[in-house]
Structures are given as structure tokens and as C-alpha cells.
Amino acid sequence: MAGAVAGALFVVAAAPQSDDGRPSAGEPAGSVELLVGRVLDNGSRRCAMEAFRAELCGGREQQLVRATARGAGSVVRDPSYGGAARAAAHTVVLPTDAASPLDITLAGPGMLTYVTVHDGHGRYVGGALGARGHRWANTEPLRAGETYTVRVGAQDAAGTPVGVTMMFRTAPAARDDRLTAEFGPKPGTYGAGQIVTASLSLPVPAADRPARARVERALQVTSEPAVEGAWHWVDDSTLHYRPRTYWPAHAEVRVLSGLDGVEVGEREGEREYGGPSESLRFTIGERIEAVTDAAAHEMTVRRNGTVVRTIPVTTGKAGFLTRSGIKVVLGKEYKVRMRGDTVGIKRGTSEFYDLPVFYATRVTWSGEYVHAAPWSVEAQGEENVSHGCTGMSTADAAWFFGTVREGDVVSVLNSGGEPMAPFDNGFGDWNLGWPAWLAGSALGAHADSPLAPAASPHTPAHGPSRLHPLT
């Protein structure tokens with residue numbers, strides 16, 4: 001029952017409440033109050049990128065929101081607008097500075113369990129949850145002129161799961177903004193399947209192919225040893241770069257932008273120029289590849305081409321088949337709570353689960369993991385009994401957790417599940433063959449090297465499926 005988004009709004013899915021902000025009669029028991037903090041935009045750029053990184057943004061405001069047991073929230077109080085906000089139906093107008101910090105903090109007893117923030121293109125905003133589970137803050141800036149959806153899961157003091165979904169639209173970019181690029185990943189050591197990302201501060205439409213070509217030429221990726229690679233446009237403001245095959249072990253990668261001062265094209269009748277962007281360096285570690293044959297119920301892990309471990313596993317059963325194809329490790333979490341009702345499985349049914357899961361290695365944003373599953377040890381190596389994840393013994397999961405790093409390759413064969421989408425659920429980029437990859441580059445037609453056969457056929461991205469952890 002959320003209101004529509006228009007302009008720069010903060011919209012909260014509203015639940016009934018009394019005048020004093022307490023839940024109305026009939027509302028399910030269990031609620032947690034959250035403070036949502038961000039910087040308001042008064043029409044000028046109040047929080048530059050450099051200020052965001054230095055945590056020097058001014059003009060910060062907070063809004064009190066209630067997360068409830070049925071997953072809806074109500075605006076309890078708005079310190080910025082006082083009582084007027086409560087009289088404004090279900091919509092509170094709070095322009096948000098795109099480059100400002102976004103933080104969500106408990107205003108009372110309880111614990112945050114997860115926070116996800118993504119824009120209308122499905123691009124997730126990086127963030128970090130505090131060690132005590134009381135505060136979440138973004139570690140990457142928002143984008144100007146985008147609509148964001150924020151989903152928060154928490155537990156109240158009694159352990160009751162509660163949640164809230166919020167939406168807001170950031171203020172549009174100022175006309176004098178210059179086109180810049182922010183590169184990912186962060187500096188560090190990654191696996192051989194790591195994708196280089198470039199997030200542009202302004203969109204470059206597909207219809208303006210010359211402008212896209214100028215951008216690609218300006219975004220330079222070099223490595224030692226050298227590899228053949230190319231950029232691919234994911235959407236108007238996001239590019240991914242990958243080599244033709246996986247990165248060599250121990251490669252040193254450097255990414256830099258030559259956009260500064262370059263005329264990219266025209267925007268609203270005015271010339272558009274590039275601006276300065278920070279360069280990036282990262283390293284590739286040993287080449288770790290994990291291949292799961294779902295039909296054989298077995299995972300084979302190779303280091304630099306040599307088999308180092310064979311692991312009995314169980315994958316998704318009928319109705320919950322594990323996605324097939326090539327995935328990349330997105331992160332590792334020692335402990336994750338997984339509940340069936342977060343993926344549409346009703347409480348009281350034979351399929352429902354509510355489990356603490358250990359040694360969880362994430363491979364999709366929607367909640368697919370490789371993790372310890374001590375409850376299914378008898379099935380591991382024999383049959384598939386999970387709800388979509390790859391389960392193994394605690395000892396094997398601990399070894400796997402300690403062996404892999406972000407960017408390592410995790411593939412699934414013979415699962416019968418839907419193909420891993422290239423872009424909307426993690427790094428499925430390697431599921432595009434080289435010809436299809438080059439087709440997404442504005443410079444692809446000028447490639448003069450032989451084309452490699454496809455690693456797997458490209459299929460259109462499926463709609464949203466599982467948005468929370470699976471077992």
C-alpha cells in the first residue's frame with residue numbers, strides 16, 4: 001500500500017496506527033522502531049563524493065519508522081517536519097542527496113538481521129552491518145535520479161521477526177556535473193573470476209553509440225601478465241569488464257579513467273565533458289575453481305588446475321532446483337539465519353525451515369549459498385534435498401569457506417535449474433560467450449581476434465525469484 005514515487009520522495013509502506021504512533025488493534029504483535037538517517041537536498045550539491053568518503057556531509061536528518069511482524073512499516077515521527085508529516089497520509093517528501101550517507105539504526109531493543117538497498121535497475125548498494133546488529137550504513141554512494149528500494153529485516157526484543165520496505169528517489173544530478181566513473185571491486189586480492197565494474201555518474205544512452213565508444217576508450221584496464229578483454233554495457237550507466245578467459249593466477253590489475261576533460265557528447269543541447277575519477281589496483285590470487293555436478297552430488301575443487309578436494313554435496317530438490325551455470329563468490333558470512341517464509345514457504349508446512357547456517361559462501365544476491373548442512377549429511381553424495389543452496393558437511397564447509405575468496409569461480413552442472421542470469425543476480429558474466437560479450441561493447445565490431453565458443457548459451461534474465469537466503 002505504498003504511495004507512488006514522484007520527484008524526490010521517501011515512501012514507506014504504511015500500516016494502521018493510532019495517533020500516538022502505536023500499532024492499531026489487530027496489528028500482529030512484534031515491532032521495532034528504526035531511525036533512517038540521510039542528508040537532505042535543497043537543490044544544491046550538499047555532499048560531494050569526497051565528503052561522503054571522509055564522512056563530512058552536513059545537513060543530516062533522521063526519520064523514525066516502525067518495522068512490524070507483517071513486514072509493513074508506518075511513519076511514527078518525523079523530526080524534520082514535526083506533526084505535519086503525520087498528517088501527510090502515507091507519503092513524506094524528503095529530498096535525498098544522492099552522494100550522502102544512508103544509515104539505519106535501531107531506536108530501541110532488538111537486532112537488525114539484514115538490510116538490502118537497490119535501485120530500479122537491480123543494482124545493489126554496498127553496506128555494512130555493525131557487529132552488534134544495531135546499525136547499518138552504506139559503504140557506496142547512491143546514484144542521482146534513481147528510485148531506491150530499502151528492505152530491512154530485524155528481530156524485536158522477544159526474537160519476533162519483523163520487517164519494513166521503504167522507497168525513495170534521489171535528487172537529479174546537477175547540470176554542471178561531469179561524467180565520471182567509479183570502479184569496483186575495492187583494492188584487495190580476488191579470485192580469477194572477478195569482474196571489473198564501472199559505475200558512471202551520468203547515463204550514456206545506447207542510441208548514442210559514438211559517446212559510448214569514447215567512454216570505453218577512456219576506461220583503461222591493464223594487467224600483468226596482459227590479457228585480452230573488453231567492456232560490456234550492462235545498462236546506460238554501468239559497464240562490466242572481463243577477460244576472454246579467467247584472469248591468470250597472481251595477475252596485477254590496474255583500472256584508470258581518461259575521461260577528465262574529454263568531450264563525451266551532448267546533453268540537453270550542451271556539451272558534456274568527463275571529470276576526474278579515482279583509479280583502482282587489485283590482485284588476483286591463486287586460481288580456485290569449484291564445479292558441482294548436481295547429478296553426481298559431488299563438488300570438485302581445483303587450485304591452479306589441480307584437484308585439491310572432492311566434496312559430497314546436496315543441491316536443490318524438485319521445486320527448488322539450484323541455478324545452473326557459472327557464478328562468482330560475492331562474499332562470505334560465518335553465520336546466516338535462513339527462514340522459509342522469506343522465500344514464500346508458509347509456516348506449519350513440511351517445507352518450512354528456520355535455521356542458523358554456518359560457513360555460508362554467497363554466490364547470488366538473491367540468497368544462494370554454499371554452506372554447512374549437518375542436517376542433510378546422509379543425503380550428501382546421494383540425493384538432492386536442499387531448497388536451492390549447495391549443502392555439505394560442516395568440516396567440508398569450513399574448509400571451503402577458508403579456501404575461497406571473493407571472485408573465485410563456482411559452477412553448477414546438471415541441476416536442471418534455471419540458467420544463471422548474466423547481470424541481475426550477482427556476477428553471471430561468464431555465462432556469455434565471447435561473441436555475445438563483444439556484442440555488448442560499442443567497440444566490439446572492431447575486434448579483429450578469433451572468437452571463442454560460448455561457455456554456455458545466453459538466455460534472457462528471469463524475473464525476481466528468491467530474495468533471501470535459501471537452504
Side-chain angles (χ1 to χ4, degrees), residues 5 8-12 32 34-41 45-65 67 73 80 92 94-107 111-154 163-173 177 180-188 197-201 237-238 277-278 280 330-333 362 365-366 406 426 467-468:
V5 175
L9 300 182
F10 187 80
V11 183
V12 182
V32 167
L34 309 170
L35 281 172
V36 181
R38 58 205 183 283
V39 174
L40 305 186
D41 191 308
R45 300 289 291 189
R46 298 178 64 177
C47 188
M49 184 74 70
E50 294 78 8
F52 168 80
R53 290 176 178 146
E55 298 184 353
L56 297 175
C57 297
R60 184 172 179 273
E61 300 289 347
Q62 288 186 313
Q63 181 181 8
L64 193 60
V65 172
S80 302
V92 180
L94 289 174
T96 303
D97 187 326
S100 73
L102 173 68
D103 60 79
I104 297 170
T105 307
L106 289 178
M111 181 178 67
L112 296 173
T113 54
Y114 68 85
V115 177
T116 63
V117 181
H118 64 83
D119 65 15
H121 302 285
R123 297 172 298 200
Y124 283 76
V125 176
L129 189 63
R132 295 190 301 165
H134 291 171
R135 182 178 183 270
W136 178 94
N138 62 321
T139 55
E140 299 173 351
L142 306 172
R143 293 170 179 260
E146 292 285 352
T147 300
Y148 283 91
T149 300
V150 183
R151 291 187 174 90
V152 181
V164 63
T165 298
M166 299 168 275
M167 295 178 67
F168 66 91
R169 184 172 179 84
T170 52
D177 274 2
T180 60
E182 184 170 3
F183 299 121
K186 298 176 181 178
T197 63
S199 299
L200 304 181
S201 60
S237 55
T238 306
S277 305
E278 291 187 13
L280 166 68
L330 302 174
K332 300 190 295 183
E333 301 164 64
R362 182 188 284 270
W365 291 122
S366 60
E406 288 186 40
L467 299 177
H468 296 285

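Counting heavy atoms from C-beta on, the side chains of V117 and N138 never come closer than 4.5 Å. Between L280 and P187 the shortest side-chain heavy-atom distance falls below 4.5 Å. Side-chain atoms of T238 and T197, non-hydrogen and from C-beta on, never get closer than 4.5 Å to each other.
Scanning both residues, G127 and W136, for their nearest heavy atoms gives CA-CZ2, 3.5 Å. For the residue pair S277 and A181, the shortest heavy atom distance occurs at OG-N, 2.8 Å. Summarising the geometry of T147 relative to M167, their closest heavy-atom pair is CG2-CE, 3.7 Å, with the distance given to 0.1 Å.
Each of T116, V65, I104 was evaluated against V150; a single residue qualifies, I104, per the side-chain contact (heavy atoms from CB on, under 4.5 Å) test. Of the options L64, L102, V164, a side-chain contact (heavy atoms from CB on, under 4.5 Å) to V36 is made by L102 and by none of the others.
Note: T149 OG1 to H118 NE2 = 4.5 Å, rounded to the nearest 0.5 Å. Taken to the nearest 0.5 Å, the OG1 atom of T105 stands 8.5 Å off from the CG atom of L34. How far CD of E406 is from NZ of K332: 9.0 Å, rounded to the nearest 0.5 Å.
Under the side-chain hydrogen bond (donor to acceptor under 3.5 Å, both in side chains) criterion, T113 pairs with no residue, sequence neighbours left out. Under the side-chain contact (heavy atoms from CB on, under 4.5 Å) criterion, L330 pairs with R362, W365, F427, not counting sequence neighbours. For A137, the side-chain contact (heavy atoms from CB on, under 4.5 Å) partners are D103, R135, not counting sequence neighbours.
Side-chain atoms of T139 do not come within 3.5 Å of backbone N or O of A128 as any donor-acceptor pair.
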